[in-house]
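Okay, so here's the structure we're looking at.
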Amino acid sequence: MSQNQGFIHELSAAPFLTHGRTRWITAENPTGEKGQGGKAASNLGIARKGKPCITLPQGETVVLADIQGTGIVQHFWITCTNATSKGNFVLRDLVLRIYWDDETLPSVEVPLGDFFCNGFGERCKVNSQPIVVNPTGGMNCYFPMPFRQSAKITIENQHAEDIHGFFYQFHYELVDSLPENTAYFHAQWRRENITTEGKDYTILDGVKGKGKYVGTYLAWAALERYWWGEGEIKFYLDGDEEWPTLCGTGTEDYFGGAWCFYEKENGIPVEVPYSTLYLGYPFYSKSDTTLKEKFGEDSVPMHGLYRWHLPDPIHFESDLRVTIQQIGHNSRELFERTDDVASVAYWYQMEPHADFPLLLPVHRRWPR
């Protein structure tokens, strides 16, 4: 499949009308109700941009969308500050959760920034098909998210103070029915701030039922010197135990790069970020500017990477486990590493889903 094939399909479908009913949820129209948009007043008067955003109270969970009926969330956009006077890492302190069909446990539970491939509590631009982050911090999601009875989307503010100026738009379509084989979107965050030497990091485990795996995001802080990305990703499918059915050839290979992402600048190899439709390495930094006036800018190398399995989904019939190794190379030989790895797994499956691991407390989510 070519990189443009998905867009060609969307363009070819554009002329054909359906019975969908388009709705938008914003701060001005929080229910998406027909004929109720743009009514709030500003200093310019009624219907002149009266309520473009909300405040997230510290310690509280705010319902951003509560939709009843059958439909599909087609796109949503969010932006907010990434730091306040009480600290940085707002993008790790806000937790996005999504619930389908009145379930009590979320199908999506991810720190806000990591969901949009902006790990480490920092912004970076992303130019992919399902996730797009534009200047400055405009976070967009195009994963289609169908539901049969209801959809509830919340944000929890675990930051040390209120978050003012939280902007959002949720675009969805109400439909009469969905095909029987329509699965539900899921996303789960994990982290090991020090991995175990010789033991693969777990990206996803405990998935039961039929579905397809569609994406991986890694926020990888390299804690040892030399090249960090020789580890192989593994997909254990449908009863695999000791050995996986699918095993990759290396970390940079899985994310579509090669040879350590290196290009030479002034004779010195330098890792080069990139962002494409289905795979990318949009974030690379060796500096920490959060408190540079007190502590300088020295930091461990940080790497943010994504891979979307949209043209090449990983199908499973009964169960799924996904892991990745921490293996490096010192120019002579491979060696086992211990690093700081956080991840987001994205997949579709039929409900019900297995319980997620308990989300780490806020201070354990902060980047190294």
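Remember, predicted model here, so these are calculated numbers, not experimental data.
- For the pair R97 and E109, the salt-bridge criterion is met [side-chain N within less than 4.0 Å of a carboxylate O].
- Residues satisfying the side chain to side chain contact (heavy atoms under 4.5 Å, CB included) test with V132, not counting sequence neighbours, are N134, N140.
- Taking the six-membered ring for Trp, F143 and W308 have ring centres closer than 6.0 Å.
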Might you work through the side chain to side chain contact (heavy atoms under 4.5 Å, CB included) test for I25 and I67, ending with a clear yes or no?
-> CA-CA 9 Å; I25 286 177; I67 306 166; 3.8 Å; yes

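- Under 4.0 Å is where a charged nitrogen must lie from a carboxylate oxygen, and between R21 and E173 no such pair does.
- Side-chain contact annotation: S150 with D101, donor-acceptor N/O pair under 3.5 Å absent.
- Among pairs with a residue in residues 20-61, those fulfilling ring-ring contact (aromatic ring centres under 6.0 Å, His included) read W24-H171, at least two apart in sequence or across chains.
- By the 30° and 60° cut-offs, the orientation of the rings of F185 relative to Y348 is perpendicular.
- Not less than 6.0 angstrom separates the ring centroid of F235 from the ring centroid of H315.
- Defined by atom type and a distance below 3.5 Å, a donor-acceptor pair is missing between the side-chain atoms of Q129 and Y142.
- The hydrophobic cluster containing I153 also contains Y346, counting ILVMFWY residues as joined when their side-chain heavy atoms lie under 4.5 angstrom apart, directly or transitively.
- With salt bridges taken as basic N to acidic carboxylate O contacts below 4.0 Å, one links R368 and D340.
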Would you be so kind as to tabulate the donor-acceptor pairs closer than 3.5 Å made by side chains of residues 202-211, with sequence neighbours excluded?
{"from": "K210", "atom 1": "NZ", "to": "E317", "atom 2": "OE1", "distance (Å)": "3.1"}
{"from": "K210", "atom 1": "NZ", "to": "E317", "atom 2": "OE2", "distance (Å)": "2.8"}

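- Taking the six-membered ring for Trp, H329 and W227 have ring centres at least 6.0 Å apart.
- A cation-pi arrangement is present between R321 and Y236 under the rule of less than 6.0 angstrom and at most 45 degrees off the ring axis.
- Within the cation-pi definition used here (under 6.0 Å to the ring centroid, within 45° of the axis), R307 does not qualify as a partner of F255.
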Decide ring-ring contact (aromatic ring centres under 6.0 Å, His included) for F261 and Y281; before the verdict, give the C-alpha distance in whole Å, the side-chain angles of both, and the deciding distance to 0.1 Å.
-> CA-CA 9 Å; F261 307 121; Y281 175 35; 4.3 Å; yes

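- Checked options D93, N88, T81; the residue passing with H159 is D93 (criterion: side chain to side chain donor-acceptor pair (under 3.5 Å)).
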